[in-house]
Amino acid sequence: METLEERLPMQALIVGCGDIGQRVATRLRAMGREVTAIVRSLPAAEALRAQGLQVQQADLDQAPPAVRAPLVFWFAPPPLQGDTDPRLRRWLAAQPAAPARLVYISTSGVYGDCGGRWIDEDEPLRPLSARGRRRLDAETALREDAARRGGHHVILRVPGIYGPGRLPRERLQQGLPVVREAESPWTNRIHAEDLAAAALHAAAWGRPGAAYHVADGHPTTMCDYFSRCAQLLGLPPPPQVSLEEAKQRLTPAMWSFMEESKRLRTERLRQELHYTPRYPDLERGLPACL
Ligand SMILES: NC(=O)c1ccc[n+]([C@@H]2O[C@H](COP(=O)([O-])OP(=O)(O)OC[C@H]3O[C@@H](n4cnc5c(N)ncnc54)[C@H](OP(=O)(O)O)[C@@H]3O)[C@@H](O)[C@H]2O)c1
(Lines give C-alpha, C1' and ligand atoms only; values in the text may rest on other atoms or scores of the structure.)
Protein backbone atom coordinates (compact mmCIF):
# COMPACT_ATOMS: atom_id res chain seq x y z
CA MET A 1 0.00 0.00 0.00
CA GLU A 2 1.19 3.52 -0.78
CA THR A 3 2.15 5.65 2.21
CA LEU A 4 0.25 8.72 3.34
CA GLU A 5 3.06 10.92 2.11
CA GLU A 6 3.02 9.34 -1.35
CA ARG A 7 -0.69 9.99 -1.72
CA LEU A 8 -0.70 13.69 -0.84
CA PRO A 9 -0.04 16.43 -3.42
CA MET A 10 2.77 18.95 -2.95
CA GLN A 11 0.49 21.94 -2.26
CA ALA A 12 -2.50 22.38 0.02
CA LEU A 13 -4.85 25.20 0.95
CA ILE A 14 -6.45 25.40 4.39
CA VAL A 15 -9.56 27.56 4.43
CA GLY A 16 -10.15 28.50 8.07
CA CYS A 17 -6.75 27.81 9.57
CA GLY A 18 -7.57 27.84 13.29
CA ASP A 19 -6.75 25.15 15.82
CA ILE A 20 -7.29 22.10 13.60
CA GLY A 21 -5.97 23.85 10.50
CA GLN A 22 -2.70 24.66 12.23
CA ARG A 23 -2.31 21.08 13.38
CA VAL A 24 -2.86 19.90 9.80
CA ALA A 25 -0.44 22.54 8.48
CA THR A 26 2.27 21.41 10.89
CA ARG A 27 1.91 17.83 9.71
CA LEU A 28 1.91 18.81 6.02
CA ARG A 29 4.98 21.00 6.38
CA ALA A 30 6.82 18.22 8.19
CA MET A 31 6.24 16.23 4.97
CA GLY A 32 7.71 19.05 2.89
CA ARG A 33 4.36 20.31 1.56
CA GLU A 34 3.67 23.92 0.70
CA VAL A 35 0.70 25.20 2.70
CA THR A 36 -1.40 28.30 2.14
CA ALA A 37 -3.84 29.37 4.83
CA ILE A 38 -6.93 31.57 4.63
CA VAL A 39 -7.98 33.37 7.81
CA ARG A 40 -10.20 36.36 8.47
CA SER A 41 -8.46 38.45 11.11
CA LEU A 42 -5.18 40.34 10.92
CA PRO A 43 -3.81 38.96 14.21
CA ALA A 44 -4.45 35.40 13.02
CA ALA A 45 -2.81 36.15 9.67
CA GLU A 46 0.24 37.68 11.34
CA ALA A 47 0.62 34.79 13.76
CA LEU A 48 0.55 32.27 10.93
CA ARG A 49 3.00 34.29 8.82
CA ALA A 50 5.36 34.35 11.81
CA GLN A 51 5.22 30.54 11.75
CA GLY A 52 6.33 30.62 8.11
CA LEU A 53 3.00 29.87 6.46
CA GLN A 54 1.77 31.57 3.30
CA VAL A 55 -1.37 33.42 4.30
CA GLN A 56 -4.27 35.08 2.52
CA GLN A 57 -6.26 37.29 4.83
CA ALA A 58 -9.83 37.31 3.50
CA ASP A 59 -13.34 37.55 4.88
CA LEU A 60 -15.24 34.71 3.23
CA ASP A 61 -18.48 36.61 3.91
CA GLN A 62 -17.35 39.52 1.75
CA ALA A 63 -15.16 38.55 -1.18
CA PRO A 64 -14.09 34.92 -1.22
CA PRO A 65 -10.82 34.58 -3.15
CA ALA A 66 -10.63 32.31 -6.20
CA VAL A 67 -7.81 29.86 -5.69
CA ARG A 68 -6.26 26.90 -7.44
CA ALA A 69 -5.00 24.16 -5.20
CA PRO A 70 -4.82 20.40 -5.74
CA LEU A 71 -6.00 19.88 -2.17
CA VAL A 72 -8.31 22.05 -0.03
CA PHE A 73 -9.15 21.57 3.63
CA TRP A 74 -12.35 23.49 4.45
CA PHE A 75 -12.36 24.13 8.20
CA ALA A 76 -14.21 27.46 8.34
CA PRO A 77 -17.48 27.09 10.27
CA PRO A 78 -20.81 28.24 8.84
CA PRO A 79 -22.13 31.60 10.09
CA LEU A 80 -23.71 31.58 13.56
CA GLN A 81 -27.24 32.29 12.33
CA GLY A 82 -29.64 30.76 9.84
CA ASP A 83 -30.28 27.33 8.39
CA THR A 84 -27.78 27.48 5.53
CA ASP A 85 -24.06 27.94 4.93
CA PRO A 86 -23.81 30.92 2.54
CA ARG A 87 -20.08 31.15 3.37
CA LEU A 88 -19.27 27.86 1.67
CA ARG A 89 -21.82 28.35 -1.11
CA ARG A 90 -20.36 31.77 -1.98
CA TRP A 91 -16.83 30.39 -2.00
CA LEU A 92 -17.79 27.49 -4.30
CA ALA A 93 -19.49 29.93 -6.67
CA ALA A 94 -16.31 32.05 -6.79
CA GLN A 95 -14.13 29.13 -7.89
CA PRO A 96 -13.60 28.83 -11.65
CA ALA A 97 -13.56 25.03 -11.34
CA ALA A 98 -14.62 22.48 -8.74
CA PRO A 99 -11.89 21.82 -6.14
CA ALA A 100 -9.81 18.83 -7.28
CA ARG A 101 -9.95 17.37 -3.78
CA LEU A 102 -11.63 18.95 -0.75
CA VAL A 103 -11.84 17.66 2.82
CA TYR A 104 -14.74 19.19 4.73
CA ILE A 105 -15.22 19.08 8.51
CA SER A 106 -18.93 18.68 9.22
CA THR A 107 -20.53 17.59 12.49
CA SER A 108 -22.38 14.57 13.80
CA GLY A 109 -25.16 17.09 14.58
CA VAL A 110 -26.46 16.43 11.03
CA TYR A 111 -28.08 13.21 12.33
CA GLY A 112 -30.17 14.89 15.01
CA ASP A 113 -31.27 12.62 17.85
CA CYS A 114 -30.82 8.86 17.47
CA GLY A 115 -31.99 7.82 20.92
CA GLY A 116 -28.49 6.67 21.91
CA ARG A 117 -28.28 4.06 19.10
CA TRP A 118 -25.01 3.07 17.43
CA ILE A 119 -25.13 4.60 13.95
CA ASP A 120 -22.98 4.48 10.85
CA GLU A 121 -22.62 7.05 8.07
CA ASP A 122 -25.72 5.76 6.22
CA GLU A 123 -28.02 6.95 9.01
CA PRO A 124 -30.64 9.40 7.64
CA LEU A 125 -29.74 13.06 8.15
CA ARG A 126 -32.40 14.70 10.31
CA PRO A 127 -30.79 17.65 12.08
CA LEU A 128 -32.73 19.04 15.04
CA SER A 129 -30.76 22.22 15.60
CA ALA A 130 -30.02 25.17 13.30
CA ARG A 131 -26.34 24.29 13.88
CA GLY A 132 -26.99 20.86 12.36
CA ARG A 133 -29.13 22.25 9.51
CA ARG A 134 -26.34 24.65 8.47
CA ARG A 135 -23.93 21.72 8.23
CA LEU A 136 -26.41 19.68 6.25
CA ASP A 137 -26.72 22.62 3.86
CA ALA A 138 -22.92 22.73 3.51
CA GLU A 139 -22.78 19.00 2.76
CA THR A 140 -25.57 19.47 0.21
CA ALA A 141 -23.75 22.38 -1.43
CA LEU A 142 -20.64 20.23 -1.87
CA ARG A 143 -22.63 17.33 -3.29
CA GLU A 144 -24.47 19.60 -5.73
CA ASP A 145 -21.26 21.27 -6.85
CA ALA A 146 -19.58 17.90 -7.45
CA ALA A 147 -22.62 16.67 -9.41
CA ARG A 148 -22.54 19.79 -11.58
CA ARG A 149 -18.82 20.30 -12.14
CA GLY A 150 -17.04 17.14 -11.01
CA GLY A 151 -14.42 17.44 -8.32
CA HIS A 152 -13.86 15.30 -5.30
CA HIS A 153 -14.97 16.06 -1.80
CA VAL A 154 -14.82 14.01 1.39
CA ILE A 155 -16.95 14.78 4.44
CA LEU A 156 -15.79 14.22 7.99
CA ARG A 157 -18.66 14.06 10.50
CA VAL A 158 -17.01 15.15 13.69
CA PRO A 159 -18.40 15.12 17.26
CA GLY A 160 -16.99 17.08 20.21
CA ILE A 161 -13.35 18.03 19.72
CA TYR A 162 -11.19 18.10 22.84
CA GLY A 163 -7.49 18.70 23.29
CA PRO A 164 -4.97 21.08 24.80
CA GLY A 165 -6.72 24.40 25.45
CA ARG A 166 -10.09 22.90 24.52
CA LEU A 167 -11.37 21.56 27.82
CA PRO A 168 -14.60 22.99 29.35
CA ARG A 169 -12.70 24.77 32.13
CA GLU A 170 -14.90 27.89 32.23
CA ARG A 171 -18.13 25.96 32.28
CA LEU A 172 -16.86 23.84 35.16
CA GLN A 173 -15.61 26.92 37.03
CA GLN A 174 -19.09 28.42 36.70
CA GLY A 175 -20.46 25.34 38.46
CA LEU A 176 -22.99 24.64 35.71
CA PRO A 177 -24.80 21.33 36.17
CA VAL A 178 -24.69 18.17 34.06
CA VAL A 179 -27.55 15.76 33.50
CA ARG A 180 -27.20 12.88 35.96
CA GLU A 181 -25.68 9.67 34.64
CA ALA A 182 -28.96 7.71 34.37
CA GLU A 183 -30.57 10.29 32.05
CA SER A 184 -27.44 11.68 30.42
CA PRO A 185 -27.20 11.58 26.62
CA TRP A 186 -24.39 9.71 24.90
CA THR A 187 -21.63 11.82 23.43
CA ASN A 188 -18.76 11.09 21.11
CA ARG A 189 -15.44 12.83 21.00
CA ILE A 190 -12.18 13.10 19.13
CA HIS A 191 -8.84 14.44 20.26
CA ALA A 192 -7.75 17.45 18.15
CA GLU A 193 -4.51 15.71 17.11
CA ASP A 194 -6.42 12.64 15.95
CA LEU A 195 -8.78 14.84 13.93
CA ALA A 196 -5.84 16.54 12.21
CA ALA A 197 -4.24 13.20 11.38
CA ALA A 198 -7.56 11.77 10.17
CA ALA A 199 -8.08 14.78 7.87
CA LEU A 200 -4.82 13.92 6.10
CA HIS A 201 -5.90 10.30 5.79
CA ALA A 202 -9.20 11.50 4.33
CA ALA A 203 -7.28 13.56 1.76
CA ALA A 204 -5.25 10.49 0.87
CA TRP A 205 -7.83 7.71 0.91
CA GLY A 206 -11.32 9.26 1.11
CA ARG A 207 -13.76 8.09 -1.56
CA PRO A 208 -15.26 10.96 -3.62
CA GLY A 209 -18.53 12.06 -2.04
CA ALA A 210 -18.21 9.74 0.97
CA ALA A 211 -18.75 10.72 4.61
CA TYR A 212 -16.73 9.38 7.53
CA HIS A 213 -17.19 9.56 11.27
CA VAL A 214 -14.04 10.85 12.93
CA ALA A 215 -14.55 9.85 16.55
CA ASP A 216 -12.53 7.80 18.99
CA GLY A 217 -15.06 4.94 18.94
CA HIS A 218 -15.61 4.99 22.71
CA PRO A 219 -18.64 7.19 23.43
CA THR A 220 -19.59 7.82 27.03
CA THR A 221 -22.18 10.07 28.63
CA MET A 222 -21.96 13.85 28.94
CA CYS A 223 -21.95 13.32 32.69
CA ASP A 224 -18.87 11.11 32.42
CA TYR A 225 -17.05 13.59 30.18
CA PHE A 226 -17.58 16.65 32.38
CA SER A 227 -16.83 14.72 35.57
CA ARG A 228 -13.54 13.43 34.15
CA CYS A 229 -12.56 16.90 32.92
CA ALA A 230 -13.24 18.36 36.39
CA GLN A 231 -11.06 15.71 37.98
CA LEU A 232 -8.24 16.33 35.50
CA LEU A 233 -8.40 20.11 36.01
CA GLY A 234 -8.59 19.83 39.80
CA LEU A 235 -12.04 21.45 39.88
CA PRO A 236 -15.10 20.38 41.90
CA PRO A 237 -17.27 17.82 40.05
CA PRO A 238 -20.25 19.45 38.32
CA PRO A 239 -23.57 19.13 40.16
CA GLN A 240 -25.70 16.35 38.70
CA VAL A 241 -29.34 17.26 38.07
CA SER A 242 -32.37 15.77 36.30
CA LEU A 243 -32.93 16.35 32.59
CA GLU A 244 -35.83 18.66 33.45
CA GLU A 245 -33.74 20.81 35.79
CA ALA A 246 -30.86 20.98 33.30
CA LYS A 247 -33.26 22.40 30.72
CA GLN A 248 -34.02 25.31 33.07
CA ARG A 249 -30.41 26.01 33.98
CA LEU A 250 -28.45 25.58 30.74
CA THR A 251 -28.31 28.07 27.88
CA PRO A 252 -30.32 27.07 24.75
CA ALA A 253 -27.02 26.38 22.93
CA MET A 254 -25.83 24.04 25.69
CA TRP A 255 -29.23 22.42 25.94
CA SER A 256 -29.30 21.67 22.20
CA PHE A 257 -26.51 19.13 22.77
CA MET A 258 -28.58 17.40 25.48
CA GLU A 259 -31.38 16.67 23.04
CA GLU A 260 -29.15 14.56 20.81
CA SER A 261 -27.90 11.17 21.83
CA LYS A 262 -26.04 8.81 19.55
CA ARG A 263 -23.04 6.53 19.40
CA LEU A 264 -20.87 6.79 16.29
CA ARG A 265 -19.47 3.71 14.61
CA THR A 266 -15.96 4.25 13.25
CA GLU A 267 -15.30 1.22 11.04
CA ARG A 268 -15.04 3.35 7.89
CA LEU A 269 -12.44 5.61 9.47
CA ARG A 270 -10.37 2.61 10.43
CA GLN A 271 -10.86 0.45 7.32
CA GLU A 272 -11.21 2.90 4.42
CA LEU A 273 -9.13 5.81 5.69
CA HIS A 274 -6.63 3.49 7.41
CA TYR A 275 -6.69 5.57 10.56
CA THR A 276 -6.77 4.29 14.13
CA PRO A 277 -7.07 7.06 16.74
CA ARG A 278 -3.98 7.51 18.85
CA TYR A 279 -6.26 8.50 21.75
CA PRO A 280 -8.99 5.82 21.67
CA ASP A 281 -10.74 6.96 24.84
CA LEU A 282 -10.85 9.70 27.46
CA GLU A 283 -8.64 7.73 29.81
CA ARG A 284 -5.77 8.10 27.37
CA GLY A 285 -6.78 11.34 25.65
CA LEU A 286 -7.48 13.61 28.59
CA PRO A 287 -4.04 13.44 30.24
CA ALA A 288 -2.61 14.44 26.84
CA CYS A 289 -4.50 17.76 27.09
CA LEU A 290 -2.44 19.25 29.90
N1 LIG B 1 -15.80 22.47 18.58
C2 LIG B 1 -16.18 21.27 18.23
O3 LIG B 1 -16.30 20.38 19.09
C4 LIG B 1 -16.48 20.95 16.78
C5 LIG B 1 -17.14 19.80 16.47
C6 LIG B 1 -17.35 19.48 15.14
C7 LIG B 1 -16.89 20.33 14.14
N8 LIG B 1 -16.26 21.48 14.47
C9 LIG B 1 -15.78 22.33 13.36
O10 LIG B 1 -14.44 21.99 13.05
C11 LIG B 1 -13.87 23.03 12.25
C12 LIG B 1 -12.45 23.31 12.71
O13 LIG B 1 -12.48 23.68 14.07
P14 LIG B 1 -11.37 24.61 14.74
O15 LIG B 1 -11.40 24.31 16.18
O16 LIG B 1 -10.09 24.50 14.00
O17 LIG B 1 -12.00 26.06 14.49
P18 LIG B 1 -11.33 27.47 14.83
O19 LIG B 1 -10.08 27.29 15.63
O20 LIG B 1 -12.42 28.32 15.39
O21 LIG B 1 -10.91 28.02 13.39
C22 LIG B 1 -11.85 28.53 12.48
C23 LIG B 1 -11.08 29.25 11.38
O24 LIG B 1 -12.02 29.74 10.42
C25 LIG B 1 -11.68 31.08 10.10
N26 LIG B 1 -12.89 31.81 9.71
C27 LIG B 1 -14.08 31.85 10.35
N28 LIG B 1 -14.92 32.67 9.70
C29 LIG B 1 -14.25 33.15 8.64
C30 LIG B 1 -14.57 34.07 7.61
N31 LIG B 1 -15.78 34.64 7.52
N32 LIG B 1 -13.63 34.34 6.67
C33 LIG B 1 -12.41 33.76 6.74
N34 LIG B 1 -12.04 32.91 7.70
C35 LIG B 1 -12.95 32.61 8.63
C36 LIG B 1 -11.08 31.66 11.39
O37 LIG B 1 -10.28 32.80 11.07
P38 LIG B 1 -10.07 33.95 12.19
O39 LIG B 1 -9.40 33.27 13.36
O40 LIG B 1 -9.20 34.95 11.54
O41 LIG B 1 -11.45 34.45 12.53
C42 LIG B 1 -10.26 30.44 11.85
O43 LIG B 1 -9.01 30.43 11.18
C44 LIG B 1 -14.82 24.22 12.39
O45 LIG B 1 -15.64 24.30 11.24
C46 LIG B 1 -15.67 23.82 13.60
O47 LIG B 1 -16.92 24.47 13.60
C48 LIG B 1 -16.04 21.81 15.76
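As the structure lists them, so they are numbered: ligands from 1, and atoms in each ligand from 1.
Using a 4.0 Å cutoff on heavy atoms, Arg135 counts as a contact of ligand 1. Residue contacts with ligand 1 leave out Ile38, since none of its heavy atoms falls under 4.0 Å from the ligand.
Using modelled atom types, one finds a donor on one side chain and an acceptor on the other under 3.5 Å when comparing Arg189 with Thr187. Side-chain atoms of Tyr212 and Glu121 include no donor-acceptor pair closer than 3.5 Å.
Here Ala45 has no heavy atoms under 4.0 Å from ligand 1, in either its backbone or its side chain. Neither the backbone nor the side chain of Ala192 has any atom closer than 4.0 Å to an atom of ligand 1 (non-hydrogen atoms only). Under 4.0 angstrom from ligand 1, there are no non-hydrogen atoms of Ser108.
Closest heavy-atom approach to atom 16 (O) of ligand 1 among the candidates Ile20, Val55, Val214: Ile20. Between Arg23, Gln22, Arg40, it is Arg40 that holds the heavy atom closest to atom 41 (O) of ligand 1. Looking at Gly160, Pro159, Ala196 and measuring to atom 5 (C) of ligand 1, the nearest heavy atom belongs to Pro159.
Near Phe75, meaning under 4.0 Å from one of its heavy atoms, ligand 1 places the atoms 11 (C), 12 (C), 44 (C), 45 (O).
If you look at Tyr111 and His213, their ring centroids are closer than 6.0 Å.
A salt bridge links Arg89 with Asp137; the closest basic N to acidic carboxylate O contact falls under 4.0 Å.
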